[in-house]
Amino acid sequence: MKISFLGAAQTVTGSCFVIQTEKARFAVDCGMFQGNSAFEERNFDTANYRPEELDFILLTHAHIDHSGLLPRMVKHGFKGSIYCTAPTADLAAIMLEDSAHIQEMEQEWKNKHKTRRGEEIDPAEEALYDTEDAIATAKLLRPVDFGKELELAEGVKVTFRYAGHILGAAILDIVVTENGKATRVVFSGDLGRPGALLLPDAETPSTPDWLFVESTYGDRDHKGEADTLNELVEAIEYSHSRGEKVIIPAFAVERTQEILYSLYLLKQQGRLPDKMPIYVDSPLATKATKIFLKYSHILHTPELSSVAVHDPDAGVIFTQDAQDSMQLNAMKGPAIILSASGMCNAGRIRHHLKHNLWREGVSIVFVGYQAIGTPGRKLVDGAKSLRLFGEDVKVAAKIFTIGGFSAHAGQSQLLEWIGAMARPGLNIGLVHGEPKAQQILAGLIKERFGITPFIPEYLEEAVIEGSSAPVVEAPAPARSRRRVDWNFLASELEQRVSQIRSRLADADSLPWEEQTELRDRLAEIERELFVFLSHL
């Protein structure tokens with residue numbers, strides 16, 4: 001069989017692995033790329049996926065970096081079934097419709113921006129997908145049971161196993177039979193950390209021939225639950241004592257519900273300040289919480305439904321509409337606000353940052369992974385300002401990063417899970433991780449288990465059979481990483497500066513009001529260049 005790595009290859013977004021067998025062509029996940037513009041441009045490279053030739057798709061879980069391109073595939077010809085667990089089907093349906101709304105709003109904003117600048121709108125430039133595409137995708141979702149082997153094509157059998165991570169998340173245990181020879185391939189999806197507050201631990205499949213495992217936290221471990229709750233208390237006390245807000249960018253699915261349960265535990269322990277309301281400002285999180293209640297039998301924390309959500313004394317308020325959200329920014333006094341998205345690259349959280357990031361005494365509490373290029377990553381890495389809605393906002397709030405809430409297994413937990421399957425002849429591929437984390441984890445795997453992992457590149461292809469080493473076909477550089485022509489860009493900038501200097505010679509003849517406007521605009525450009533230089 002041949003595996004094409006169309007995403008989550010030396011990055012943590014865009015998860016997608018296309019498998020070609022003698023009898024079938026199918027994908028494991030089809031996620032959206034998130035981060036800087038270079039990553040997000042990949043979302044439009046639909047030809048790489050050949051969606052009309054996919055027989056079916058296996059979805060490990062509902063997170064957008066694993067599911068977010070499914071409507072794009074449907075829009076461009078995919079007509080097969082999308083197999084996933086029942087909770088994933090319910091969560092994916094609401095998350096993809098929410099994502100479609102964001103795509104539509106972003107395209108509308110781009111068109112308005114062009115119109116204001118006097119530019120023509122290109123009719124061919126359209127949103128990545130729309131709400132109709134998302135609704136059509138939801139109709140293709142086919143719920144399956146955990147632990148039940150399914151034969152989805154001739155020579156292809158699949159079993160979904162518990163992965164932890166989020167509600168409904170699955171490890172995919174796939175057996176492909178070609179020429180009378182069976183090859184067993186396991187895709188970890190995203191592995192949850194053992195002992196998570198809401199979900200059961202991940203299963204360990206019996207030994208496969210090939211193990212493709214995520215490596216998000218391959219370079220570090222998480223703190224324990226006690227330390228994690230202590231850090232959350234520290235952030236809350238910091239802002240409460242200063243009469244300011246605690247802003248928590250949180251993924252709408254699983255992370256919001258886990259934070260709510262953690263706040264419930266702290267309240268039961270008497271460690272939360274009195275009269276400090278908790279707001280969940282995310283329509284998607286509100287819908288997702290209802291789905292968590294529907295599948296409460298899968299959770300091992302019944303208090304989530306009985307106290308943290310429905311009990312008015314718990315002090316949790318779910319906003320209803322955009323007006324409620326705007327009122328939070330006008331509201332004075334301390335409060336805890338959970339809002340999406342978790343990486344601050346979309347959603348209402350960006351408005352809360354705009355209104356609070358510059359305020360001393362505010363806490364911005366990150367409780368999840370921040371991918372390279374996202375606004376959240378910039379803040380975690382110590383940015384002094386953040387560009388929001390065309391404006392540079394000063395960072396005066398205190399930034400807290402609490403890794404213990406992560407829905408991903410840490411380094412030691414990954415090694416323990418891999419170790420339960422390690423044996424001579426096992427092949428390991430590291431996916432869904434940034435290069436530094438992957439290199440560190442690969443070194444530890446080789447040291448402990450004597451296995452040298454394979455780390456695929458974006459658009460690389462590998463032919464595998466049984467426990468043999470892979471035959472790797474490297475991607476064409478033009479397809480995988482388009483070279484940045486820095487010399488051209490620098491030359492263009494130098495030419496513009498030269499033109500400015502020549503034209504400023506006549507600026508004194510302009511009316512004084514016009515001169516001051518030009519001065520302010522040039523000062524703004526200078527500030528932009530200063531920010532750019534600070535990143536080099």
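All residue numbers in this chain count up from 1 along the given sequence. Just so you know, these numbers use all the heavy atoms, side chains as well, and skip hydrogens, waters and symmetry mates. No experiment lies behind these values; they were computed from the predicted model shown.
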Any side-chain donor near an acceptor of the partner, Glu97 and Thr131, under 3.5 Å
no

I'd like to know if the side chain of Asp227 reaches the main chain of Lys223, judged simply by a donor and an acceptor atom lying under 3.5 Å from each other, with no hydrogens or angles considered.
no

Is the shortest side-chain N to carboxylate O distance from Glu126 to Lys75 below 4.0 Å?
yes

Could you go through Cys344 and Leu353, starting from their C-alpha distance and side-chain angles, then the distance that decides it, and tell me whether this counts as side chain to side chain contact (heavy atoms under 4.5 Å, CB included)?
CA-CA 9 Å; Cys344 306; Leu353 290 177; 3.8 Å; yes

Check: Val12 and Ile372 side chains under 4.5 Å, non-hydrogen atoms:
no

So, for Ser363 and Ala235, which heavy atoms are closest and what is the spacing to 0.1 Å?
OG-O, 3.0 Å

Gap between atom CD1 of Ile57 and atom CG of Leu140 - 0.5 Å precision:
8.5 Å

Looking at side-chain heavy atoms only, is the closest gap between Lys436 and Ile440 below 4.5 Å?
yes

How far apart are the C-alpha atoms of Leu441 and Gln438, what are their side-chain angles, what is the distance that settles it, and do they pass the side chain to side chain contact (heavy atoms under 4.5 Å, CB included) test?
CA-CA 5 Å; Leu441 184 61; Gln438 292 183 318; 5.9 Å; no

N/O donor-acceptor pair under 3.5 Å between Gln320 side chain and Phe318 backbone:
yes

To the nearest 0.5 Å, how far apart are OG1 in Thr13 and OH in Tyr369?
10.0 Å

Quick check: closest heavy atoms across Ala196 and Asp201, and the distance to 0.1 Å?
N-OD1, 4.5 Å

If you count heavy atoms of other groups shown closer than 6.0 angstrom to NE2 of His355, is the number above 12?
yes

Is the shortest heavy-atom distance from the side chain of Leu199 to the side chain of Glu258 under 4.5 Å?
no

Thr319 side chain vs Ser325 backbone, donor-acceptor pair below 3.5 Å
no

Tell me whether Thr286 contacts the main-chain N or O of Ser282 through its side chain, where contact means a donor paired with an acceptor under 3.5 Å.
yes

For Arg348 and Ser339, work out which heavy atoms get closest and say how close.
CB-OG, 3.5 Å

Does Phe405 reach the side chain of Arg255, with side-chain heavy atoms less than 4.5 Å apart?
yes

Donor-acceptor contact present, side-chain Gln411 to main-chain Gly218, <3.5 Å:
yes

Any sub-3.5 Å donor-acceptor pair from Asn43's side-chain atoms to Glu40's backbone N or O?
yes

Can you name the closest pair of heavy atoms from Ala86 and Pro143 and give their distance?
CA-CB, 3.8 Å

So Tyr129 and Ser99, side chain to side chain donor-acceptor pair (under 3.5 Å) or not? Walk me through it.
CA-CA 9 Å; Tyr129 49 82; Ser99 176; 2.6 Å; yes

Flag the pair Glu244 / Tyr238 as yes when at least one side-chain heavy-atom distance between them is below 4.5 Å, and no otherwise.
no

Between Glu234 and Asn230, do the side chains contain an N or O donor and an N or O acceptor separated by less than 3.5 Å?
no

Measuring only between side-chain heavy atoms, which start at C-beta, is Leu59 closer than 4.5 Å to Phe160?
no

Of all the heavy-atom pairs spanning Ala170 and Ala163, show the shortest one and how long it is.
C-CB, 3.6 Å

Are Glu434 and Arg377 close enough, and set up right, to give a salt bridge (Lys or Arg N to Asp or Glu O under 4.0 Å), and what steps lead you there?
CA-CA 13 Å; Glu434 292 173 2; Arg377 180 62 169 264; 3.3 Å; yes

Interatomic distance, CD1@Ile248 vs CD1@Ile349, rounded to 0.5 Å, equals 9.0 Å

Verify, without hydrogens or angle tests, whether Ser239 (side chain) and Lys245 (backbone) share a donor-acceptor contact under 3.5 angstrom.
yes

Could you walk me through whether Ile247 and Val362 pass side chain to side chain contact (heavy atoms under 4.5 Å, CB included), step by step?
CA-CA 8 Å; Ile247 308 297; Val362 168; 4.2 Å; yes

Are there over 12 heavy-atom neighbours, none belonging to Lys398, within less than 6.0 Å of that residue's NZ?
yes

To the nearest 0.5 Å, atom CD of Gln370 lies from atom CZ of Phe366 at 5.0 Å

Report, as yes or no, whether the 6.0 Å neighbourhood of atom CD on Gln327 holds more than 12 heavy atoms from other residues, nucleotides or ligands.
yes

Between Val213 and Phe187, is any pair of side-chain heavy atoms under 4.5 Å apart?
no

In this structure, are over 12 heavy atoms from other groups packed under 6.0 Å from Asp321 atom CG?
yes

Using residues 63-74 as the side-chain source, report each donor-acceptor pair under 3.5 Å to any protein atom, sequence neighbours left out, with the distance given to one decimal.
| residue | atom | partner | partner atom | Å |
| --- | --- | --- | --- | --- |
| His63 | ND1 | His165 | NE2 | 3.2 |
| Asp65 | OD2 | His432 | NE2 | 3.1 |
| His66 | ND1 | Ser15 | OG | 3.4 |
| His66 | ND1 | Asp29 | OD2 | 2.7 |
| His66 | NE2 | Asp190 | OD1 | 3.3 |
| His66 | NE2 | Asp190 | OD2 | 3.0 |
| His66 | NE2 | His432 | NE2 | 3.4 |
| Ser67 | OG | Ala62 | O | 2.9 |
| Ser67 | OG | His63 | O | 3.2 |
| Arg72 | NE | Thr46 | OG1 | 2.8 |
| Arg72 | NH1 | Leu128 | O | 3.0 |
| Arg72 | NH2 | Thr46 | OG1 | 3.2 |

Do we see a donor-acceptor contact under 3.5 Å between the side chains of Thr85 and Thr88?
yes

Which distance, rounded to the nearest 0.5 Å, do you find between the CZ of Arg271 and the CG of Leu265?
10.0 Å

Would you check if the side chain of Arg193 reaches a backbone N or O of Ser406 as a donor-acceptor pair within less than 3.5 Å?
yes

I'd like to know whether Glu214 forms a side chain to side chain donor-acceptor pair (under 3.5 Å) with Ser188, so could you lay out the CA-CA distance, the side-chain angles of the two residues, the decisive distance to 0.1 Å, and finally the verdict.
CA-CA 6 Å; Glu214 68 124 317; Ser188 71; 5.7 Å; no

Closest approach of Ser262 and Leu232, non-hydrogen atoms and distance?
CB-CD2, 4.4 Å

Is there a side-chain contact between Ile455 and Gln439 in this structure, where contact means two heavy atoms from C-beta onward sitting under 4.5 Å apart?
yes

Tell me, yes or no, whether the heavy-atom count around Glu360 atom CD, taken from other residues, nucleotides or ligands under 6.0 Å, exceeds 12.
no

Rounded at 0.5 Å granularity, tell me how far CG in Asp281 sits from CG in Asp324.
8.0 Å

Donor-acceptor under 3.5 Å (Asp90 side chain, Pro87 main chain)
no

Ring pair (Phe, Tyr, Trp, His ring centres under 6.0 Å) between His222 and Tyr217, intermediate numbers included
CA-CA 9 Å; His222 306 309; Tyr217 287 97; 4.5 Å; yes

Can you classify the ring geometry of Phe17 versus Phe5 as parallel (below 30°), tilted (30 to 60°) or perpendicular (above 60°)?
perpendicular

Pairing residues for Phe146 by the ring pair (Phe, Tyr, Trp, His ring centres under 6.0 Å) criterion, not counting sequence neighbours:
Tyr162

Applying side chain to side chain donor-acceptor pair (under 3.5 Å), run through Thr374 and Asn345 and close with a yes or a no.
CA-CA 6 Å; Thr374 60; Asn345 56 327; over 6 Å; no

Glu106 atom CD, over 12 foreign heavy atoms within 6.0 Å
yes

